[in-house]
Number of protein chains: 2
Amino acid sequence: MRSMVRQAHHKKESHARLTGGRVSESTVRRLSLYYRGLSTFEREGYKTISSKDLAKEGRLTPAQVRKDLSFFGSFGTRGLGYPVKELKEKIARILGLNRTWNVALVGVGNVGSALVSYKEFPKQGFNIKLLFDNDQRKINKNHKGIQVFDVKDLASKLKEHKIDLVILAVPASAAQAVTDDVVSAGVKSILNFAPTHIKVPDDVTLRSVNMAMELEHLSFSLVNKGYPLKF
Amino acid sequence: MRSMVRQAHHKKESHARLTGGRVSESTVRRLSLYYRGLSTFEREGYKTISSKDLAKEGRLTPAQVRKDLSFFGSFGTRGLGYPVKELKEKIARILGLNRTWNVALVGVGNVGSALVSYKEFPKQGFNIKLLFDNDQRKINKNHKGIQVFDVKDLASKLKEHKIDLVILAVPASAAQAVTDDVVSAGVKSILNFAPTHIKVPDDVTLRSVNMAMELEHLSFSLVNKGYPLKF
DNA sequence: AATTGTGAAATTGTTCACAGCA
DNA sequence: TGCTGTGAACAATTTCACAATT
């Protein structure tokens, strides 16, 4: 079980980059889960934590937790577990959460507005610096303290403000054109909320959140309940 | 390439349920992609479509498209491809999109409001019938045409209105308590937007959308760019 | 005694390659 | 001929199981 005993730990250098270890997409997703779990355990005062306890934060196995972490280094102590604070900081570094990122958001509609107010973003270092829209009634006004620019000036403003990461909350019909502008400005990371497939060059990372697709998954489960389909 | 030639097709019964075929989570996700692709092709007037063309809608291989579809039946015609309209309807049935679902949404804040206005939901048969909040200023008022109830009455109202599916857009701190109420009302499907891990019984399907986690993935990619990590 | 770190085994998921059919 | 449907081969991921360590 969890231990409240404070414990000194030494750590080795991260080695995933050196050993050619393979880090899968799902490993990254689980790293985010561990990070959230560790934040909770830290708040509750735990000093060390076992892979078993960490696994409970997400229906995983202890072996998987250990395997995931082992891609990046040896952070634990045999017989004792992982030091909560240190492991949390280590994962923060791996995920790039030990710094701030300049974010721009395109499309100040319903979804866009909700994201501007989303408190998790600034907490994790994602600071929305610029907003863009194509609606003249919104352009050149402030929205919750952030200036709204004309989407026509997207590429130049992104460069000017050294934006690292763009969130797309535009209609599906506009998504590809806006993406092309974002890419032309040299931005390498895009989070897309438009319910459509968009194309980016290989060196640009694109992640898409499609809320309809999530509901479709649920309705699939409802329809297929009771059959021996494996999830 | 794509063919515009109309073609008569006969179809076999779906057999995934009979053969014990294994349908993975990713297969369901891809089914959603195919559905969207087929909608586009149908709009453009195509009558038949090959697995190759369908694969382009999402960086997949033709073999994967065929394998995915084969879990549910033989929908295509050798030498010709798949009939667009029929395949779309078939997938709609598999995903449970050939009917409507009664949805309730808990938490009429920023995210909740955005979801109420999300046009994809009603398009696919997900009708938000009830809203819940714990803010007296919102309770018993209309929000975009839908009545807001006190979250205290959650369980009884869910039963009364035969709600199939609940969307959670509440703060992380309230998520588990609300979930327990939802589960007690017999609802078997939950879409969670609260950035926290929640527990549900095995017979309840839970999907979580965590927007911070998506950004974390992007910042990971930015930080680890250029290293031979495989995604 | 407890728990990590990690090769090896098991499992799951993807791609290949080709027989079968229109 | 062209393209599906699918078993077999291959690849990736997860779990096992145990030596190593505190």
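Predicted model, so just to flag it, every value in this text is computed and none were measured. Below, chain A is the first sequence line, B the second, and so on; all start at residue 1.
Considering only the side chain of B/Ser51, D/dT4 comes nearest among C/dG5, D/dT4, D/dT15. Here D/dT13 is the nucleotide among D/dT13, C/dC16, D/dT15 with the atom lying nearest to any side-chain atom of A/Ser24. Each of C/dG7, D/dT4, D/dT6 was ranked by its minimum atom distance to the side chain of B/Ser50; first place goes to D/dT4. Ranking C/dG7, C/dG13, D/dG5 by closeness to the A/Lys67 side chain, first place goes to C/dG7.
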**Request:** Decide side chain to side chain contact (heavy atoms under 4.5 Å, CB included) for A/Val204 and A/Val187; before the verdict, give the C-alpha distance in whole Å, the side-chain angles of both, and the deciding distance to 0.1 Å.
**Result:** CA-CA 8 Å; A/Val204 174; A/Val187 172; over 6 Å; no
**Message:** Does B/Glu216 form a side chain to side chain contact (heavy atoms under 4.5 Å, CB included) with A/Gln124? I'd like the steps, not just the answer.
**Reply:** CA-CA 8 Å; B/Glu216 286 165 13; A/Gln124 315 233 335; 2.2 Å; yes
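Taking the screw axis at each terminus of the helix from C/dA1-D/dT22 to C/dA22-D/dT1 from five consecutive base pairs, the angle between the two is 10° to within rounding of 10 degrees.
A donor-acceptor distance shorter than 3.5 angstrom exists from the side chain of A/Ser39 to the backbone of A/Tyr35, with no hydrogens or angles considered. With hydrogens and angles disregarded, a donor-acceptor distance shorter than 3.5 Å links the side chain of A/Lys225 to the backbone of B/Asp203. The closest donor-acceptor contact from the side chain of B/Asn210 to the backbone of B/Ala212 lies under 3.5 Å. Using modelled atom types, no side-chain atom of B/Asp164 and backbone atom of B/Trp101 make a donor-acceptor pair closer than 3.5 Å.
One interatomic measurement links the two molecules: CZ of A/Phe72 to P of C/dG5, which rounds to 14 Å at whole-angstrom precision. One interatomic measurement links the two molecules: CG of B/Asp53 to P of D/dG2, which rounds to 14 Å at whole-angstrom precision. Following rounding to the nearest Å, A/Arg66 (CZ) and D/dA17 (P) show an atom-to-atom distance of 13 Å. The interatomic distance linking A/Phe71 (CZ) with C/dT4 (C1') rounds to 16 Å, in whole Å. To the nearest angstrom, C1' of C/dT3 lies 14 Å from CG of A/Leu87. Across the protein-nucleic acid pair, B/Arg59 atom CZ and C/dT14 atom P stand 16 Å apart, rounded to whole Å.
Both A/Gln64 and B/Pro62 lie close to DNA chain D; mapped to their nearest nucleotides by heavy-atom distance, the more 5′-ward contact belongs to B/Pro62. Checking A/Asp68 against B/Gly79, the closest nucleotide of DNA chain D that is more toward the 5' end is the one next to B/Gly79.
In the interface, the side chain of B/Lys52 is not paired with the base of D/dG2 through any donor and acceptor atom under 3.5 Å apart. On a pure distance criterion of 3.5 Å, a polar donor-acceptor pair joins the side chain of A/Arg78 and the base of C/dT4.
Using modelled atom types, one finds no donor on one side chain facing an acceptor on the other under 3.5 Å when comparing A/Asp181 with A/Ser184.
Between B/Tyr82 and D/dG5 there is a side-chain polar atom (N or O) within less than 4.0 angstrom of OP1 or OP2. For C/dT4, neither phosphate oxygen OP1 nor OP2 lies less than 4.0 angstrom from any side-chain nitrogen or oxygen of A/Thr77.
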